[in-house]
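Single-structure report; data block below.
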2 protein chains.
Amino acid sequence: MARKPANVSTPAPRPAPVLDARKAAILDAVVNEHIDTAQPVGSGSVAANHSVAVSPATVRSEMVALEREGMLTQPHTSAGRIPTDRGYRYFVDHLQRGVLQPAQQAEIGQFFSSVRGELEDVLEQTSALLSRLTKYTSVVVGPSHARATVRSAQIVDFGARRILVVGVLSDGAVEKRTIDLDEDVSPLDVSEASVQLQALLVGASLDQRIELPSRQTAVAQLVRIGAGALMTGSTSVDGDRVFIGGSSKIAESFDAVDTVRSVLGILEQELVVVTLMQDIMDQGLSVAIGSEHGYQSLSACAVVVAPVNIDGVQAGAVGLLGPTRMNYREALAAAHMVSQHLTDRLESNEASRG
Amino acid sequence: MARKPANVSTPAPRPAPVLDARKAAILDAVVNEHIDTAQPVGSGSVAANHSVAVSPATVRSEMVALEREGMLTQPHTSAGRIPTDRGYRYFVDHLQRGVLQPAQQAEIGQFFSSVRGELEDVLEQTSALLSRLTKYTSVVVGPSHARATVRSAQIVDFGARRILVVGVLSDGAVEKRTIDLDEDVSPLDVSEASVQLQALLVGASLDQRIELPSRQTAVAQLVRIGAGALMTGSTSVDGDRVFIGGSSKIAESFDAVDTVRSVLGILEQELVVVTLMQDIMDQGLSVAIGSEHGYQSLSACAVVVAPVNIDGVQAGAVGLLGPTRMNYREALAAAHMVSQHLTDRLESNEASRG
DNA sequence: TGTTAGCAGTCAATTGTAATGAGTGCCAAT
DNA sequence: ATTGGCACTCATTACAATTGACTGCTAACA
């Protein structure tokens, strides 16, 4: 399968890595075993691997070469090798797409055929599913409401100078905004304004400029307030687009409590997480490993992302956050399968909403 | 200040602890120093404390008594003492209400005078505030919607047999439910049903039984569906009442990664957290220490709770989760101050909503 | 009688030393 | 080019000795 060359954010300081078959096999063996055992891998166990039919001594001399090329590193002189971020990168770039275990495939299929309810609930549960399936922390970013149009808008009178503006969007989201007014309004004016607001906004998109009534009547005033509240507020709705599941998995991935601390700290900043995922996708990548994404606190982590599309346009994403020695094959397969299911569901939604 | 005796969930196996002044002072010194240093406290440093004017030898003999009474324990023979859960309990029960540092008081006041927006946003930010202030994980549970009444209800037609039922509640919450119908409906029927639903439901509380139209017309059918969707769905809205802030603080409170793992695992189950807090309050307590709450995974933790009232009835709560050697004084003060502010805000909301 | 100084005893933590063994780099033989 | 052999490195483990922070006990004391 053809694949883009690995363009990481910082321009690669070394030539594009091309390894001969044997080096590649050795690197592969080291990565696989390290992912499995979390221990440095020695020449002996690599040579024992049946896909590398040479002696430990030969493996060793290849390993020094791989180390020179920045693919492997030694924790200390008399230890085996572990992959560098660059080594993982090579591994991932040359990984052929894996397939999930039947049981996991079944679980995902089962989930999407039975899950009901509002989109937010589906996304939240999807995040939990993905995390449960992979043992990594999962991030699900739902579609933005930016392109949605208004299906319904109304103003509800709460009395005591307080009103609530409610908008229903074409993607099924509901936006609300409570407003305290400066002066009394009559219930009749409110309901009249509600009708006018409905007429004014239905069909408009949230970022669209609306021709507001300029009259100085109380009703017109209310309509202006209501429209202003709904149309400027899209950012707030977007705050509810991010679902992080299985944060506790981080503590299971690392032994060093310091690492857990810093990673959890990042996870609490949802905006950072979303930005990170978007950055990765903007580079055309589906994996960012260790130092590749610029976040110091996440240098022990790798992130796997898969876009969720609507009409071929990226509208959301699912991601997995784990240690750099995560099981990329499984993580990629799970993320892709789930993103595909989400894409299907969102597109069918779009379709049925006309 | 009078205080209920400590009735923990399991009936106390020992007599209610009453300590003479000197023992109490020694226990107090041990707890305070242990909270400060996280180390076992020896007789020497207790005797150095100016509120205990006796020699280390005397302190020692008192300490063996305190150990016999289950207030202190020794990690090993030649170490100092650390408080047991029972020791912390005595400490907390005899703690006079502390006052926050002026800077913190100012921050809370500042926060509540400037925070704007929907209740959910306020609660979420409150949780973040509390966690930032105390360095512990915070839990904020908002008021249930059970007693709210319907202010507005409408049905929005999405075409293709799909409708969205939206209800606005008297507490400002908005409930929505997407429904896929079995057969086509005309837009006119939908808007007629919307009007009828509004008339039918406004003023009703969510758990109230509604007299539904029994006619077999399409409109009546829609009204029944809409009413059913809104009235049965209160549990879903309640799912959004819980806001947990600063989970990463857990990792900063413990060195043992195992502890972090199990506590984070609990925190992911919001229902468990809410139940735990409710249990504590139902016992008339404001603190649960270590083994007092029945959760094995939280045996290294203490929970501080403060109710949030509306009209004198408990409607929500704020809580702090930290290690058993948390700073109870500060945590209690912060929780109470914040819960008071929340109570004020919610009651003023109630008032202005009539 | 309650308090205290003194002292021997305990034990975690630290330091030092040695043995172990996994794994390397290098080199000469194949 | 590959490999077996070998000397070397160094984290890890084990063990013993030392240190020092405490204690519990007891005898003297107010």
Side-chain angles (χ1 to χ4, degrees), chain A residues 19-84 87 255-256 325, chain B residues 18-27 29-84 87 255-256 325:
Chain A
L19 302 181
D20 62 67
R22 197 169 67 184
K23 281 200 182 65
I26 289 174
L27 176 58
D28 196 73
V30 170
V31 172
N32 277 316
E33 181 152 345
H34 182 65
I35 286 175
D36 214 47
T37 65
Q39 296 296 320
V41 181
S43 56
S45 40
V46 171
N49 189 315
H50 63 283
S51 75
V52 182
V54 290
S55 76
T58 310
V59 172
R60 283 201 287 279
S61 70
E62 295 287 50
M63 276 172 147
V64 301
L66 284 167
E67 188 163 0
R68 220 177 10 243
E69 296 183 57
M71 296 292 190
L72 296 177
T73 187
Q74 258 184 315
H76 59 87
T77 319
S78 67
R81 305 302 209 286
I82 59 177
T84 60
D255 285 334
R325 41 164 276 275
Chain B
V18 181
L19 301 181
D20 63 65
R22 196 170 66 183
K23 281 200 183 63
I26 290 174
L27 177 59
V30 170
V31 172
N32 278 317
E33 180 153 345
H34 182 64
I35 285 175
D36 213 49
T37 65
Q39 296 297 319
V41 181
S43 57
S45 40
V46 172
N49 188 316
H50 63 282
S51 73
V52 181
V54 291
S55 76
T58 310
V59 172
R60 282 201 287 279
S61 70
E62 294 287 49
M63 276 173 149
V64 299
L66 284 167
E67 188 164 0
R68 220 176 12 243
E69 296 183 58
M71 298 292 190
L72 296 178
T73 188
Q74 259 183 314
H76 58 85
T77 319
S78 67
R81 306 302 209 285
I82 59 177
T84 61
D255 285 336
R325 41 163 278 274

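We name chains A, B, ... by the order of the sequence lines, and we start the count at 1 in each one.
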Task: B:Ser61 and B:Thr58: CA distance, side-chain angles, deciding distance, side-chain hydrogen bond (donor to acceptor under 3.5 Å, both in side chains) verdict - done: CA-CA 5 Å; B:Ser61 70; B:Thr58 310; 5.6 Å; no

- [ ] Measure from the side chain of B:Gln74, starting at C-beta and using heavy atoms only, and say which of C:dT4, C:dC11, D:dG24 lies closest.
- [x] D:dG24

Task: Gap separating the CD atom of A:Gln74 from the CE atom of A:Met63, nearest 0.5 angstrom - done: 8.5 Å

Task: Atom pair CZ/OG1 of A:Arg325 and A:Thr37 - distance to nearest 0.5 Å - done: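 So the CZ of A:Arg325 and the OG1 of A:Thr37 are separated by 7.5 Å.
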
Open item on the list: Pick the closest DNA chain C nucleotide for B:Thr58 and for A:Val64 by heavy atoms, then say which residue is nearer the 5' end.
Closed with: B:Thr58

TODO: Would you kindly compare A:Arg60 and B:Ser78 by the position of their nearest DNA chain C nucleotide and give the one closer to the 5′ end?
DONE: B:Ser78

To the nearest Å, give me how far apart [atom1] ([X]) and [atom2] ([N]) are.
X	N	atom1	atom2	answer
A:Ile26	C:dG23	CD1	C1'	15 Å
B:Glu67	D:dC22	CD	P	15 Å
A:His76	C:dG25	NE2	P	13 Å
B:Met63	C:dT3	CE	P	16 Å
B:Leu66	D:dT23	CG	P	12 Å
B:Glu62	C:dT3	CD	P	7 Å

Report yes if at least one side-chain N or O of [X] is closer than 4.0 Å to OP1 or OP2 of [N]; otherwise report no.
X	N	value
A:Thr77	D:dC10	yes
B:Arg81	D:dG24	yes
A:Arg22	D:dT2	yes
B:Ser55	C:dT3	no

Task: Crowding at NE2, A:His50 (>12 non-hydrogen neighbours, <6.0 Å) - done: no

- [ ] Return the set of residues passing side chain to side chain contact (heavy atoms under 4.5 Å, CB included) with A:Thr73 (not counting sequence neighbours), or none when no residue passes.
- [x]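 In terms of side chain to side chain contact (heavy atoms under 4.5 Å, CB included), with neighbours along the sequence ignored, A:Thr73 is linked to A:Ile82, A:Thr84.
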
Task: Heavy-atom check, side chain of B:Glu62 versus side chain of B:Val52, under 4.5 Å - done: no

Open item on the list: Tell me which residues in residues 37-54 of chain A lie within less than 4.0 Å of DNA chain D, going by non-hydrogen atoms.
Closed with: A:Val54

Task: Member of B:Val41, B:Leu66, B:Val31 meeting the side-chain contact (heavy atoms from CB on, under 4.5 Å) criterion with B:Pro83 - done: B:Val31

- [ ] Identify whether any heavy atom of B:Ala79 sits under 4.0 Å from a base atom; if not, whether one sits that close to sugar-phosphate; answer base, sugar-phosphate or nothing.
- [x] sugar-phosphate

